[in-house]
Amino acid sequence: MSVPNAAATEDLSSEMEVDAFRRLFPLRYFERHLAESIRSDGRPLREARDTSIFLGAVASANGSALVKIGSTTMLTAIKMEVMIPSLESPDEGCLAIDFHMPPICSPIVRPGRPAEAEPVVSKQLSDTITSSGMIDLRELSLVGGKAAWMAYLDIYCLDADGSLFDAALLSAVAALSHLQIPAVAMNDDGKIVLMSDEDGQKQAKEQVNKEKRKLTLKSIPLSLTCILHKNYILADPTAEEESIVETHVTIILDTSGQLISLYKPGGPVLAYTSAIQVSLHIAM
Amino acid sequence: MEIDRPDGRSPNQLRPLACSHSVLHRAHGSATWAQGETKVLAAVYGPKAGTKKNENPEKASIEVIWKPNTGHVGQADREYEMILKKTLESICIRTIYPNTTTSVIVQVVHDDGALLPCAINAACAALVDAGIPLRHLAVAICCSVTDNNSIILDPSKKEEEKSKAFAYLVFPNTTVSVVPEKSSQVGNDPMAHGIITSVTHGAMSVDDYLHCLERGRATTQRLSEFLRKNIAPKSTREASKAG
């Protein structure tokens, strides 16, 4: 059945409009481009899309960032709250990471039903941030055993156009770098309250946090997703490319060159490709 | 050896493996797979007619349901479902029965480290038990990198928690006579050296990861022998039951 089909598309392709060919035979459209070592948006095979980061996008949050990789857009906001630390780790604060894909981001996502990618990316993000050792949770502690910061990191996908994990990780890291921990003091009841500017005069309150401070970030994890099709490796796929090709690899390296994660669910790949990924990553 | 494992194993030694199949009577295929204390039960139902909305109707699709041993289904379980689905989709021949869904249900009986590899091995055995056409088998292994940069295979839960990083690797497994000569060479490595799936956790150097890959590949031989031995006798038993 496939042979007459191939002959038919060869004939039709010259008569059909490009858009129609793209919708009806996505794999052939894609492969025709690959044969010329180029992709449908004109990028060379190994090139990632333009990335832009805008810090402080949400003024009311303690830290925020808006990241765009091509058209994929992620907005992250961090909210800090004081909480009582757990008994097992009295000197550590807590970081809760949540990834949301609201229906605005893609026609596949419907309201009410969480997207398939949502819990997976969410878990991958929290795994990455804890295993990379970027944040020392002890920095989030206020009074040992009594009070610590709980940081809620919410990442909203505003436009899902491929490489969701890369954009989400970048926006989480950017927001954490932008995060300003508010100044707080302990009042007479032993409770922590936010310090406003006038309170600087009052002696009765113990200053727990002198001034707003930032978190120190150690090695920062950066990720790159690639898709593998036959013998080709393509970096930073768009949503259209991701839907055609089933095999993708996400590699996360940190700034000290350590491999945080190599995540690959899908078809077979060979070992030498990982060397290529490393060089790709450095290019990023 | 410099490594002192709490249960006295050498770094390359796997825990005792146990596999049984056709354990469930209503399921079309089922298998349990145990590596040491970690035990997983997998059941396969299918192929059933129809595919889910977002799936490609031109191919058979696989649906995975992961059930943890305690608690409600959480994010980690959804991630395992997705990994398992993608892995199994790459080993099944999906063009034979298009527009069908095969359900694989994985029930964790006990988790003592290397849970995902155990589940993948169990699912693969269950698929064979159900008679789903497969391109090749999959064998899964867990390698972990300890604090002094040595690599141990098949860690228990305690060893996993103490280690710097670990990787779950899944390798394809064919009988050499089946694969034709031409297709077995891609680039410099033969096809059997590819990895189907890799999930890592924790920071390790790139060299450590490549060593893990080598160790893992070397062990697939042992695992695949065990797997094939356990699934083979069934066919003769089935024939006698049917007859």
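Letters A, B, ... mirror the listed sequences (proteins, then strands); counts begin at 1.
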Counting only heavy atoms from other residues, nucleotides and ligands, does the tally under 6.0 Å from [atom1] of [X] exceed 12?
X: L24(A); atom1: CG; result: yes
X: I244(A); atom1: CD1; result: yes
X: L87(A); atom1: CG; result: no
X: K48(B); atom1: NZ; result: yes
X: Y97(B); atom1: OH; result: no

Just how far is it from atom [atom1] of [X] to atom [atom2] of [Y], taken to the nearest 0.5 Å?
X: T130(A); Y: H201(B); atom1: OG1; atom2: NE2; value: 5.5 Å
X: L125(A); Y: Q75(B); atom1: CG; atom2: CD; value: 9.5 Å
X: T200(B); Y: I251(A); atom1: OG1; atom2: CD1; value: 9.0 Å

Q | Distance-minimising heavy-atom pair for V120(A) and R78(B) | A | CG2-O, 4.0 Å
Q: Measure across K123(A) and A76(B) and return the closest heavy-atom pair with its distance rounded to 0.1 Å.
A: CD-CA, 3.2 Å
Q) Should K86(B) and H248(A) count as side-chain neighbours, where that means a heavy-atom distance under 4.5 Å? A)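 Heavy-atom side-chain distance check passes, below 4.5 Å.
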